[in-house]
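Throughout, residue positions are numbered sequentially from 1 according to the sequence presented.
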Amino acid sequence: MAIDYSGLDVTMVAAESLAAMQYRYVVQASDTTVRMANATTDIPLGILQNAPENGGTAVVRVTGTSKLVMNAAVTVGTFVKCEYVGASDNGKGDAADTDKDVISGLCIKASGAEDDVGAVILTKGTLSAT
């Protein structure tokens, strides 16, 4: 049986080349543009569904389910946050495991290692250690 990952998408303009960033989290840069995260504190708008060049149309999944490139092995049922390591390494899914992590998804298809493509249900929240 085929699995369908679907949801609500919005289209915006890529504020930078996102050609190698399909299925990664993106953040809103302005009223009409999206970009990759610039810091660990950036809150994702959603997950990029295509691979636009700078100035191209970026299709961003904002609700529903989506594939997501993971930064490591992530198991089903794990809350996920947007990873930020640096300018060239960010937007992957990372297990939310620290108090006050901003949750952006719930893993519904596991990944086995870095750069594996898993899947999430998009959600918003903050992890609480209490």
Side-chain angles (χ1 to χ4, degrees):
M1 177 174 118
I3 307 255
D4 177 33
Y5 298 110
S6 61
L8 176 66
D9 297 338
V10 298
T11 56
M12 302 190 97
V13 177
E16 61 190 3
S17 177
L18 301 174
M21 301 302 173
Q22 184 177 27
Y23 301 129
R24 292 188 189 211
Y25 286 112
V26 291
V27 301
Q28 196 164 352
S30 73
D31 290 350
T32 59
T33 62
V34 292
R35 60 171 169 75
M36 296 307 296
N38 284 337
T40 57
T41 54
D42 284 353
I43 298 175
L45 174 65
I47 299 172
L48 188 65
Q49 299 298 297
N50 63 341
E53 293 291 342
N54 188 8
T57 301
V59 178
V60 182
R61 177 78 34 94
V62 294
T63 62
T65 59
S66 178
K67 293 179 181 181
L68 178 63
V69 176
M70 301 291 192
N71 81 327
V74 177
T75 58
V76 169
T78 300
F79 284 116
V80 175
K81 65 182 177 182
C82 176
E83 171 203 44
Y84 180 83
V85 175
S88 62
D89 188 10
N90 70 85
K92 297 176 187 176
D94 186 14
D97 55 5
T98 304
D99 190 37
K100 307 290 188 266
D101 276 349
V102 176
I103 297 167
S104 299
L106 176 67
C107 183
I108 60 171
K109 179 179 182 267
S111 66
E114 183 166 15
D115 295 326
D116 278 358
V117 177
V120 296
I121 296 174
L122 288 155
T123 185
K124 303 283 187 205
T126 303
L127 189 66
S128 175
T130 59

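For N90 (side chain) and M36 (main-chain N/O), no donor-acceptor pair under 3.5 Å exists by modelled atom type. For the pair N71 (side chain) and K92 (backbone), a donor-acceptor distance under 3.5 Å is absent. In terms of modelled atom types and a separation under 3.5 Å, the side chain of D101 and the main chain of T98 share a donor-acceptor contact. No donor-acceptor distance shorter than 3.5 angstrom exists from the side chain of E83 to the backbone of G91, with no hydrogens or angles considered. Put simply, the side chain of S30 gets close to the backbone of T33: a donor and an acceptor are under 3.5 Å apart. With R24 contributing its side chain and V69 its backbone, the two residues share no donor-acceptor pair below 3.5 Å. Y23 contributes no side-chain N or O that, together with a main-chain N or O of I47, makes up a donor-acceptor pair within less than 3.5 Å.
The local environment of OH in Y5 is crowded, with over 12 non-hydrogen atoms from other residues, nucleotides or ligands closer than 6.0 Å.
Checked options I108, V117, V80, D116; the residue passing with L68 is V80 (criterion: side-chain contact (heavy atoms from CB on, under 4.5 Å)).
Looking only at side-chain heavy atoms (C-beta outward), D94 and M70 stay at 4.5 Å or farther from each other. Contact of the R35 side chain with the D42 side chain is registered, since non-hydrogen atoms from C-beta on lie closer than 4.5 Å.
The two atoms that bring I43 and V27 nearest to each other are O-CG1, 3.5 Å, heavy atoms only.
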